[in-house]
Amino acid sequence: MNIREQLKLFAFEEEKQASVIASEYSPSAPVTLFHGDRLDLLAQIKKSGDKAELIVTSPPYNIGKEYEATKSLDEYIEDQKKTIAASVEILSDTGSICWQVGHYIEGSGKTKEAFPLDLVLYPVFKSFGLKLKNRIMWYFGHGLHENVRFSGRHETILWFTKDVNNYTFNLDPIRIPQKYPGKRHYRGNRVGEISGNPMGKNPTDVWDMPNVKSNHIEKTDHPCQFPVALVERLVLSLTNEGDLVVDPYLGAGTAAAAAVLHNRRAAGADIFYEYLEIAKERVIKASLGELKTRPLDKPVYEPNGNSKLTQIPEEWKK
Ligand SMILES: C[S@@+](CC[C@H](N)C(=O)[O-])C[C@H]1O[C@@H](n2cnc3c(N)ncnc32)[C@H](O)[C@@H]1O
């Protein structure tokens with residue numbers, strides 16, 4: 001039975017459904033939504049001997065959201081260091097860590113000073129021997145309109161692997177449509193043959209995806225979700241079916257829902273029970289195929305019919 005089938009059984013039994021939110025980690029459970037501190041969950045996973053293929057999270061940014069007590073930047077870094085250290089301990093040899101962050105802001109109005117958290121945290125990851133594979137730029141079109149500096153419209157994802165050479169990376173499941181599918185080789189020994197890949201192209205390290213604002217189809221009562229599509233792309237490329245995906249700061253359970261959608265096991269922690277309740281509802285819906293998400297494969301380019309290069313080649317239609 002795959003993960004979705006296992007979890008589907010929970011949907012119809014109240015007691016089983018309630019057990020998805022737990023204060024103990026069980027490697028045999030398809031999903032563990034841990035009520036408590038992330039360090040306790042990570043310690044329990046370590047004790048169980050289980051390993052995560054992907055640890056993906058959007059940690060508190062220390063910007064005064066309702067779920068975080070504002071700390072000095074140094075205290076914040078120390079706190080993140082503990083999470084990163086405990087994450088490395090449960091990472092599989094071929095595994096990846098993806099940290100999605102924005103900016104820590106000091107001051108207000110014109111006195112605002114921005115500290116890019118990826119730059120601040122990069123040395124911490126390096127101190128644990130991790131290897132940076134990509135610094136992914138996540139671009140979104142909406143946000144606060146500023147008038148004393150440029151309005152912020154991006155955040156980043158640092159993707160690290162444990163091993164520089166031997167790591168899981170599946171490109172085919174995350175390819176995107178090509179701009180010029182009809183392009184052919186014009187020199188060399190393959191002249192005339194289609195030059196692209198019929199499964200699409202590499203999505204690159206710049207991801208254009210709307211953030212989850214109030215009118216987004218995925219919006220819950222959580223103040224700061226990341227989009228399911230963003231995590232799906234990481235889950236599909238950096239793990240295989242049955243692998244464990246861990247989010248130390250789970251929130252509304254986006255990472256767990258994306259894992260379940262693609263038959264990966266999931267575990268995540270949050271200190272607020274009400275967020276875990278939202279997460280529980282979302283993972284159950286994901287198992288039933290009822291979770292509303294903005295599709296990952298939304299075409300980035302529609303062939304317009306004017307140029308031969310933009311048409312799907314006859315070879316591929318076959
Ligand atoms: C930026 S949000 C994560 C949102 C999540 N990515 C989603 O899509 O819903 C950070 C979360 O970390 C939780 N959190 C804060 N401190 C924590 C801790 N020490 N252990 C576990 N979770 C914590 C907060 O309650 C909040 O829900």
Side-chain angles (χ1 to χ4, degrees), residues 2-5 30 51-56 91-98 100 131-139 156-185 188 190 192-210 226-247 254-266 286-287 289 291 293-303 309-318:
N2 68 29
I3 304 298
R4 276 177 73 162
E5 285 161 354
K51 293 283 178 189
E53 192 63 19
L54 172 64
I55 298 167
V56 55
L91 192 62
S92 80
D93 290 344
T94 53
S96 293
I97 294 191
C98 295
Q100 190 271 303
K131 315 293 177 195
L132 185 72
K133 288 293 160 184
N134 281 115
R135 176 170 177 262
I136 299 161
M137 194 66 54
W138 171 27
Y139 163 78
T156 56
I157 306 166
L158 294 180
W159 166 34
F160 289 95
T161 58
K162 193 170 192 175
D163 191 298
V164 74
N165 176 42
N166 180 26
Y167 56 92
T168 303
F169 183 61
N170 307 313
L171 183 56
D172 284 347
I174 56 155
R175 289 181 182 275
I176 59 170
Q178 335 206 24
K179 194 165 181 187
Y180 298 119
K183 217 168 163 185
R184 292 171 190 273
H185 289 285
R190 293 180 59 198
E193 283 178 35
I194 294 294
S195 60
N197 185 318
M199 295 181 73
K201 64 175 184 172
N202 186 311
T204 81
D205 62 357
V206 179
W207 297 2
D208 180 355
M209 293 179 187
F226 48 23
V228 176
L230 181 139
V231 193
E232 275 186 296
R233 196 173 263 177
L234 299 170
V235 164
L236 286 167
S237 54
L238 306 182
T239 68
N240 292 304
E241 280 204 10
D243 284 343
L244 175 63
V245 175
V246 173
D247 184 346
T254 309
V260 168
L261 278 176
H262 299 288
N263 284 311
R264 276 67 166 170
R265 293 180 295 135
S287 74
L291 184 71
T293 60
R294 192 175 182 279
L296 174 69
D297 293 327
K298 216 173 157 71
V300 286
Y301 182 78
E302 302 280 1
L309 285 183
T310 66
Q311 301 302 307
I312 303 291
E314 285 306 317
E315 289 96 314
W316 290 1
K317 287 185 189 159
K318 283 179 218 144

Inter-residue atom distance Lys51.NZ - Thr94.OG1, 0.5 Å rounding: 11.0 Å
Check: Asp172 side chain, Met199 main-chain N or O, donor-acceptor pair, under 3.5 Å: no
Derivation of the side chain to side chain contact (heavy atoms under 4.5 Å, CB included) call for Thr156 and Trp138: CA-CA 5 Å; Thr156 56; Trp138 171 27; over 6 Å; no
Val245 and Arg265, any side-chain heavy atoms less than 4.5 Å apart: no
Ser237 versus Ile174, closest heavy-atom pair with distance: CB-CD1, 3.7 Å
Stepwise side chain to side chain contact (heavy atoms under 4.5 Å, CB included) check, Glu232 with His262: CA-CA 8 Å; Glu232 275 186 296; His262 299 288; 2.7 Å; yes
Asn240 and Asn170: CA distance, side-chain angles, deciding distance, side chain to side chain contact (heavy atoms under 4.5 Å, CB included) verdict: CA-CA 9 Å; Asn240 292 304; Asn170 307 313; 3.1 Å; yes
Test item: Leu238 and Trp159 side chains (from C-beta on) under 4.5 Å apart, heavy atoms: yes
Donor-acceptor under 3.5 Å (Lys162 side chain, Leu91 main chain): yes
Test side chain to side chain contact (heavy atoms under 4.5 Å, CB included) applied to Lys201 and Ile176, step by step: CA-CA 5 Å; Lys201 64 175 184 172; Ile176 59 170; 3.8 Å; yes
Close side-chain approach of Leu54 and Cys98, heavy atoms under 4.5 Å: yes
Nearest non-hydrogen partners of Asn165 and Asp163, listed with the distance: N-OD1, 2.8 Å
Close side-chain approach of Pro313 to Arg184, heavy-atom, < 4.5 Å: yes
Heavy-atom side-chain contact between Pro203 and Leu171 under 4.5 Å: yes
Any side-chain heavy-atom pair of Ile3 and Arg264 under 4.5 Å: no
For Ala266 against Ala259, the heavy-atom pair lying closest together: CB-CB, 3.9 Å
Exam field: side chain Glu193 to backbone His185, donor-acceptor pair closer than 3.5 Å: no
Check: Lys133 side chain, Val164 main-chain N or O, donor-acceptor pair, under 3.5 Å: yes
Heavy-atom pair with the smallest gap, counting every atom of Thr239 and Thr168: N-CG2, 3.9 Å
Spacing of CE belonging to Met137 relative to CD1 belonging to Ile157, to within rounding of 0.5 Å: 10.5 Å
Side chain to side chain, Trp207 and Ile136, heavy atoms closer than 4.5 Å: yes
Over all atoms of both residues, closest heavy-atom pair of Thr254 and Phe226: CG2-O, 3.1 Å
Heavy-atom closest pair, residues Ser287 and Val260: N-CG1, 3.8 Å
Main-chain N/O of Glu53 paired to Ser92 side chain as donor or acceptor, under 3.5 Å: no
Met209 vs Arg294 side-chain heavy atoms within contact, under 4.5 Å: no
CZ-CG distance between Phe160 and Asn134, expressed to the nearest 0.5 angstrom: 11.0 Å
